[in-house]
Protein chains: 2
Amino acid sequence: MTETTERARRGPRGEYAKTGAKREAILAAALGVFAESGYRAGSLREIATRVGMSEAGLLHHFPNKEALLAAVLDRRDGDDLSRVHIIVDAEDGAETLRGLVELAAHNASVPGVVELYCTLSAEATSPDHPAHGYFLGRYDWARGMVGRAFERIARDGRLREGADPARAAIATLALMDGLQVQWLLNRDVVDMSEALREYFAGLVADF
Amino acid sequence: MTETTERARRGPRGEYAKTGAKREAILAAALGVFAESGYRAGSLREIATRVGMSEAGLLHHFPNKEALLAAVLDRRDGDDLSRVHIIVDAEDGAETLRGLVELAAHNASVPGVVELYCTLSAEATSPDHPAHGYFLGRYDWARGMVGRAFERIARDGRLREGADPARAAIATLALMDGLQVQWLLNRDVVDMSEALREYFAGLVADF
DNA sequence: GTCTATACATCGATAGAC
DNA sequence: GTCTATCGATGTATAGAC
């Protein structure tokens, strides 16, 4: 990115830097509210209250509710991508899968984020939801990423007989999502990373 | 059930029988609205419009919104239990699992019901959600039912080495739930029953 | 049994003072 | 940059006529 576009993104006087702290606080509060109530039922009022501002003050930083949701998802993607970017293109597919197990273990330490994606992904199955396109793209990307890992595993002759890389990728993501629902309902009965590890162990030789 | 309690449940003049048709219509409309928008964001107004009534007319049949949700879930449970009651106690555990594959195939023909449970289960992870207790009990029951099937399979020596019945049950339910999310987002890329069958095939000998 | 009318809360968003 | 004030829409629920 050139310095010109960088300055353009921040505006002529570096507005982001000035109001950065408030923006972060707003995004954190918005994440919590959207996680607990979803997008449609979550209110700007509740977000504003949590961050100690009026609604008008909040809407000075984000033009409207939809833009705020987009910003929350954007921010999470930045964090998550930096967490998994190492494992995406591992030459050993099993290394990528181990990264997913690690991700599941990490998720157990940030229940708010898990709640956010769990609630929003279900809500966003409706075609008219503001985040519908976001989740379509996210799952496409994830299926491709995990599918390629399984393809490398199959190439190395370590994928179980009869298993298909693309379908294994779908099942992997499904398992991760479904585990989150049960974990959010009752955190004592579910160990997300262990369940995922066992699934991989049944699918990949010497996992 | 004695005839006395039966009459008591219906009221002295058999109210249920008289208004049964309207109740059914309301429940069907409510299922659609709660499925598309969830409970919190779904409105009585929308339900009343779909069924061709006023809001006040609707609230003559159900005292409030929460009771309407409870009635919708009650009705679905009646239908679903009659569908799977045969397979719950099959002497052959694999027979129960095959019933689940069949259930997944059936679900693909009733997207509205899938949407309802997908949306509500995510929403109801919040402890203050009206359906929180319902889903806690539902998952407990389902984990026990599927877990016992896997135990019978293990007893018959058909469960894969190293697999645990209780954990397999958790993963099975998680897989079914997660497949529904991806299927609702994009029905072309996911075959729910086939994915479930492949999972069982990797876990149970000669499935 | 269904309606109109209405009460009353809460929502997203805007205008304009400071 | 944050506030108060306010608008118009929408939400649940109740009262009472028919």
Side-chain angles (χ1 to χ4, degrees), chain A residues 10-72 119-120 123 126 128-131, chain B residues 10-30 32-72 119 123 126 128-131:
Chain A
R10 290 194 165 197
R13 287 183 305 276
E15 296 158 20
Y16 278 23
K18 256 170 113 181
T19 64
K22 267 285 188 248
R23 274 183 65 99
E24 284 304 301
I26 292 171
L27 288 176
L31 188 150
V33 171
F34 289 149
E36 289 172 26
S37 305
Y39 171 74
R40 286 193 270 231
S43 74
L44 295 180
R45 196 156 300 180
E46 173 68 17
I47 297 170
T49 299
R50 290 197 192 185
V51 83
M53 289 176 64
S54 68
E55 297 170 56
L58 190 158
L59 288 172
H60 169 77
H61 296 271
F62 300 92
N64 52 43
K65 191 185 182 185
E66 196 168 328
L68 179 54
L69 173 64
V72 169
T119 303
L120 284 186
E123 202 179 25
S126 289
D128 61 332
H129 193 282
Chain B
R10 290 193 165 198
R13 288 184 305 277
E15 296 158 21
Y16 278 24
K18 254 169 114 181
T19 64
K22 266 285 187 251
R23 274 182 66 98
E24 283 304 301
I26 292 171
L27 288 176
V33 170
F34 288 150
E36 289 172 27
S37 306
Y39 171 75
R40 285 194 270 231
S43 74
L44 295 180
R45 196 160 299 179
E46 174 68 16
I47 297 170
T49 299
R50 289 197 193 185
V51 83
M53 288 176 64
S54 69
E55 298 170 54
L58 190 158
L59 287 172
H60 169 76
H61 297 270
F62 300 92
N64 54 41
K65 191 185 182 184
E66 196 167 328
L68 179 54
L69 173 65
V72 168
T119 303
E123 204 179 22
S126 289
D128 61 331
H129 193 282

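Letters A, B, ... mirror the listed sequences (proteins, then strands); counts begin at 1.
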d(NZ, A:Lys65; P, C:dT10) in whole Å: 15 Å
Sorted by number, the residues of residues 39-58 of chain A with heavy-atom contact under 4.0 Å to DNA chain C: A:Gly42, A:Ser43, A:Leu44, A:Arg45, A:Glu55, A:Ala56
Contact list for residues 63-72 of chain B, test salt bridge (charged side-chain N to carboxylate O under 4.0 Å, His left out), sequence neighbours left out: none
Closest non-hydrogen atom pair, B:Leu59 against B:Asn64: CD2-CA, 3.9 Å
Integer-rounded Å distance: D:dG11 C1' and B:Glu66 CD: 16 Å
Nearest-angstrom distance from the residue atom CG of B:Leu69 to P of D:dG11: 17 Å
Contact check, side chains of A:Phe62 and A:Leu27, non-hydrogen atoms, under 4.5 Å: yes
Pairs flagged by side-chain hydrogen bond (donor to acceptor under 3.5 Å, both in side chains) wherever residues 27-39 of chain A is involved - sequence neighbours left out: A:Glu36-A:Arg50
Check: A:Glu46 main-chain N/O paired with A:Ser43 side-chain donor or acceptor under 3.5 Å: yes
Polar side-chain atom of A:Thr119 near backbone of A:Gly38 as donor-acceptor pair, under 3.5 Å: no
Whole-Å gap separating C1' (C:dT2) and CZ (B:Phe62): 15 Å
A:His60 side-chain N/O to D:dC3 phosphate OP1/OP2 under 4.0 Å: no
Between D:dT12 (P) and B:Leu68 (CG): distance, integer Å: 10 Å
